[in-house]
Amino acid sequence: MKKQLLLFAFSALALTSCKDDDMQAYELDTLKGDWKTSKTEIVSGKDGKTVLLTTPVTGCSTKDITHFSIDYSTSYTYYNGTGADCKVAGKSEGKYTYDTETKLLTIKYNNNGDQSYRVEILSSSELKILDLSTDIDYNADGVNDRVYMSFKR
């Protein structure tokens, strides 16, 4: 009886750890690749629903690319210029971590501190993250508001 319980417990543990590994691999595979910022939103921290400001990406910033690799490296390439004359203005490279259970994404670009985000949406075509590193009270109500960034493929 003890052997059966031990075998059952070990099997359950093995199946659970495989499921977590599979989820991590699936979400990393979904995250990998190039993402273009589509908009930034500031949402009321008081109710978590009221959108206080939406800023769509315009001009050369529409070409900005955030890239994630499955080896936990990341880069951010940004552009500037006027009209159709957009040129690469710079590139930051670094590393990231991602926890599938907590949805915590932490990015550390070279020579910068850690930036923490919570992944709200992750699909093959959409990524939406909540910036956990920014303290802003946009509407001056005494409660920090939430900054979301949305990306598209």
Side-chain angles (χ1 to χ4, degrees), residues 13 15-153:
L13 179 63
L15 290 174
T16 303
S17 65
C18 290
K19 183 179 175 186
D20 291 344
D21 292 345
D22 290 346
M23 183 57 78
Q24 181 80 10
Y26 173 77
E27 290 194 22
L28 284 176
D29 191 54
T30 304
L31 183 63
K32 78 177 180 185
D34 294 340
W35 295 93
K36 292 188 175 194
T37 310
S38 58
K39 68 181 174 181
T40 301
E41 290 179 310
I42 299 176
V43 175
S44 170
K46 203 170 250 186
D47 67 11
K49 297 177 186 175
T50 304
V51 178
L52 304 172
L53 177 68
T54 299
T55 308
V57 175
T58 59
C60 291
S61 294
T62 61
K63 296 181 178 284
D64 293 358
I65 296 172
T66 301
H67 179 83
F68 294 100
S69 297
I70 57 172
D71 68 354
Y72 297 99
S73 63
T74 184
S75 65
Y76 173 64
T77 306
Y78 49 99
Y79 294 76
N80 63 19
T82 55
D85 187 29
C86 299
K87 302 214 182 313
V88 173
K91 184 174 186 176
S92 297
E93 296 179 325
K95 294 285 187 182
Y96 73 94
T97 60
Y98 179 62
D99 185 318
T100 54
E101 285 186 36
T102 62
K103 305 299 183 197
L104 184 65
L105 172 67
T106 304
I107 299 173
K108 181 176 175 72
Y109 289 114
N110 297 341
N111 301 322
N112 285 330
D114 290 353
Q115 298 169 305
S116 297
Y117 306 92
R118 187 175 66 231
V119 174
E120 300 291 321
I121 298 172
L122 176 59
S123 71
S124 61
S125 61
E126 183 180 9
L127 171 64
K128 183 176 181 179
I129 58 177
L130 169 63
D131 187 343
L132 300 174
S133 303
T134 302
D135 291 330
I136 184 172
D137 184 7
Y138 182 78
N139 58 355
D141 65 355
V143 177
N144 282 340
D145 299 312
R146 302 173 183 176
V147 178
Y148 292 92
M149 290 176 281
S150 295
F151 301 84
K152 301 281 184 193
R153 290 231 192 242

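- Of the charged side-chain nitrogens involved, at least one lies within less than 4.0 Å of a carboxylate oxygen, so that K87 and D85 count as a salt-bridged pair.
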* To do: Please report the C-alpha distance between T62 and Y79 in whole Å, then the side-chain angles of each, then the deciding distance to 0.1 Å, and finally whether the side-chain contact (heavy atoms from CB on, under 4.5 Å) criterion is met.
  => CA-CA 8 Å; T62 61; Y79 294 76; over 6 Å; no
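- Atom SG of C86 is separated from atom OH of Y78 by 15.0 Å, given to the nearest 0.5 angstrom.
- Here NZ of K95 is found 13.0 Å from CD1 of I107. Values are rounded to the nearest 0.5 Å.
- To the nearest 0.5 Å, the span separating CG on D99 from CG on L105 amounts to 10.5 Å.
- Scanning both residues, D141 and V143, for their nearest heavy atoms gives OD1-N, 3.0 Å.
- The closest donor-acceptor contact from the side chain of T77 to the backbone of D64 lies at 3.5 Å or more, if one exists at all.
- Inter-residue side-chain proximity for Y26 and T100 is flagged as unmet; no heavy-atom pair is nearer than 4.5 Å.
- For the side chain to side chain contact (heavy atoms under 4.5 Å, CB included) with D145, the lone residue among V43, L53, N139 that qualifies is N139.
- Side-chain atoms of S44 come within 3.5 Å of backbone atoms of K46 as a donor-acceptor pair (strictly under, hydrogens ignored).
- Using the six-membered ring where Trp is involved, Y96 and Y72 have ring planes that are tilted, between 30° and 60° apart.
- In terms of modelled atom types and a separation under 3.5 Å, the side chain of S150 and the main chain of S38 share no donor-acceptor contact.
- Under the 3.5 Å distance criterion, the side-chain polar atoms of S133 are matched with a main-chain donor or acceptor of S116.
- Among all heavy-atom pairs drawn from K39 and V57, the shortest one is N-CG2, 4.0 Å.
- At a threshold of 4.5 Å between non-hydrogen side-chain atoms, the residues Y117 and L132 do not count as touching.
- Open room surrounds NZ on K63; 12 or fewer heavy atoms of other groups in view lie less than 6.0 Å from it.
- Across all their heavy atoms, Y148 and E120 have their closest contact at CE2-CG, 3.7 Å.
- The existence of a salt bridge linking E93 and K91 is confirmed by a sub-4.0 Å separation between a basic side-chain nitrogen and an acidic carboxylate oxygen.
- One finds the CG atom of L130 at 8.5 Å from the CE atom of M149 (value rounded to the nearest 0.5 Å).
- The number of heavy atoms from other shown groups lying within 6.0 Å of OH (Y138) does not exceed 12.
- A 4.5 Å side-chain heavy-atom check between D34 and R153 finds every atom pair outside the cut-off.
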* To do: Decide side-chain contact (heavy atoms from CB on, under 4.5 Å) for K36 and I65; before the verdict, give the C-alpha distance in whole Å, the side-chain angles of both, and the deciding distance to 0.1 Å.
  => CA-CA 5 Å; K36 292 188 175 194; I65 296 172; 4.2 Å; yes
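- The backbone N or O of S92 lies less than 3.5 Å from no partner atom in the side chain of N110, so there is not a single donor-acceptor pair.
- The distance from atom OG of S125 to atom NZ of K152, rounded to the nearest 0.5 Å, is 6.0 Å.
- Taking CG of L28 as the start and OH of Y98 as the end, the distance is 8.0 Å to the nearest 0.5 Å.
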